[in-house]
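Written below as structure tokens is the structure these notes are about.
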Amino acid sequence: MTCRRGALIVLEGVDRAGKTTQCKMLVQALEQSGHQAEMIRFPDRTTKIGQLISSYLEKRSNLEDHTVHLLFSANRWELVPLMKQKLEQGINLVVDRYAFSGVAFTSAKPGFSLDWCMHPDVGLPKPDLVMYLQLSLNVASKRGEFGAERYETSVFQRAVQKRFEQLKEKDPLVNWKVIDAARSIEEVHREIKILSEKAISAAENQPIGELWK
Ligand code: ADP
Ligand code: FDM
């Protein structure tokens with residue numbers, strides 16, 4: 001490799017845990033300390049597959065549950081060439097939701113196992129760091145009302161949170177860090193920045209890994 005590669009850094013967590021806020025702050029902070037950094041988010045609603053997903057989330061269309069799971073995964077796979085290109089150029093990617101949301105949300109539906117849900121994402125670029133923003137649903141509810149999109153109910157979010165916890169326990173191959181997201185935005189940011197700087201140094205001379213392989 002001629003240049004040091006960028007790190008793939010993922011933020012996960014339930015609705016209103018602060019993922020988007022923290023992704024934006026992290027990109028800014030990394031840039032200020034001289035790193036190249038860009039944010040991406042999943043689902044990427046701009047592609048053709050992303051538009052099908054967006055219409056489903058906005059309840060403008062219905063899709064069979066297995067089908068929509070595979071579309072969320074396909075929406076990640078279609079971005080892989082671009083993600084790899086950027087990582088190889090030394091750009092750090094800060095990602096708002098990834099395969100872990102895919103598994104936690106679908107497996108919160110009746111009849112879906114973690115294993116089945118993980119399969120389509122096996123082999124994706126492996127994150128160098130996954131930060132799970134842990135927040136009780138009580139505290140999350142004080143950060144605003146649920147929107148009108150599919151999945152935005154307290155019953156479903158509780159099931160999703162349980163699945164995130166189970167996935168984290170079952171997943172020794174991934175570098176998960178649990179972040180206490182109930183603290184102030186600045187405190188959470190400080191911890192995320194330190195962990196990310198470490199992951200960037202550790203990743204720079206390593207090849208990009210393959211998720212769950
Ligand atoms: P997510 O992307 O996880 O759904 P957001 O970053 O959109 O969460 O944050 C949801 C809401 O909570 C926003 O209004 C945001 O300003 C607020 N928020 C985010 N982090 C914190 C925090 N640590 N303490 C209090 N409010 C927060
Ligand atoms: N979601 C997100 C899934 O169900 N599967 C996935 O693979 C991903 C990435 O889509 F309810 C769900 C999670 C959330 C919705 O909302 C996306 P935001 O507000 O764009 O993060």
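Counting starts at 1 for both ligands and their atoms, in listed order. Below, all heavy atoms of this structure are taken into account, side chains as well, without hydrogens, waters or symmetry copies. Just so we're clear, the structure is a prediction, and the values are computed from it rather than from any experiment.
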**OP:** Measure up the Y132 and F164 rings against each other and bin them: parallel (under 30°), tilted (30 to 60°), perpendicular (over 60°).
**Re:** tilted
**OP:** Answer yes or no for G13: is there a heavy-atom contact with ligand 1 below 4.0 Å?
**Re:** no
Original post:
Between R45, Q157, R41, which one has a non-hydrogen atom sitting closest to atom 16 (O) of ligand 2?
Top reply: R45
Subject >> Closest to atom 25 (C) of ligand 1 among R143, R41, R183, E187 (heavy-atom distance) >> reply: R143
Subject >> F42: numbered ligand 2 atoms lying under 4.0 Å from its heavy atoms >> reply: 9 (C)
Polar contacts were defined as any N/O atom of the residue lying under 3.5 Å from an N/O atom of the ligand; does this apply to [X] and ligand 1?
X: G18; value: yes
X: Q22; value: no
X: D96; value: no

Original post:
Ring centroid separation for F100 and W212, is it under 6.0 angstrom?
Top reply: yes
Subject >> Output field: ring centroids F105/H69 closer than 6.0 Å >> reply: no
Original post:
With a 4.0 Å cut-off on heavy atoms, is K19 touching ligand 2?
Top reply: no
Looking only at protein heavy atoms, identify the closest one to [atom] and say how far it is in Å.
atom: atom 7 (O) of ligand 1; result: T20 CB, 4.1 Å
atom: atom 4 (O) of ligand 2; result: F105 CB, 3.2 Å
atom: atom 4 (O) of ligand 1; result: R16 N, 2.8 Å

**OP:** Within a distance under 4.0 Å of any heavy atom of S184, pick out the atoms of ligand 1 and give their elements.
**Re:** 23 (N)
Original post:
Which ligand 1 atoms, with their elements, are less than 4.0 angstrom from a heavy-atom of T21?
Top reply: 5 (P), 6 (O), 9 (O), 15 (C), 19 (C)
Subject >> Within 45° cone of F146 ring axis and under 6.0 Å: R16 NZ or CZ >> reply: yes
**OP:** Report the part of T106 in contact with ligand 2, treating N, CA, C, O as backbone and CB onward as side chain, heavy atoms under 4.0 Å; options are side chain, backbone, both, neither.
**Re:** neither
Subject >> K168 bridged to E165 by N-O distance under 4.0 Å >> reply: yes
Original post:
Within the structure, does at least one protein heavy atom fall under 4.0 Å of atom 13 (C) of ligand 1?
Top reply: no
Original post:
Side chains of L8 and V95: does their closest heavy-atom pair fall under 4.5 Å?
Top reply: yes
Original post:
Taking C-beta and beyond as the side chain, do K86 and M83 meet within less than 4.5 Å on heavy atoms?
Top reply: no
Original post:
ligand 2 and R76, any nitrogen or oxygen pair closer than 3.5 angstrom?
Top reply: yes
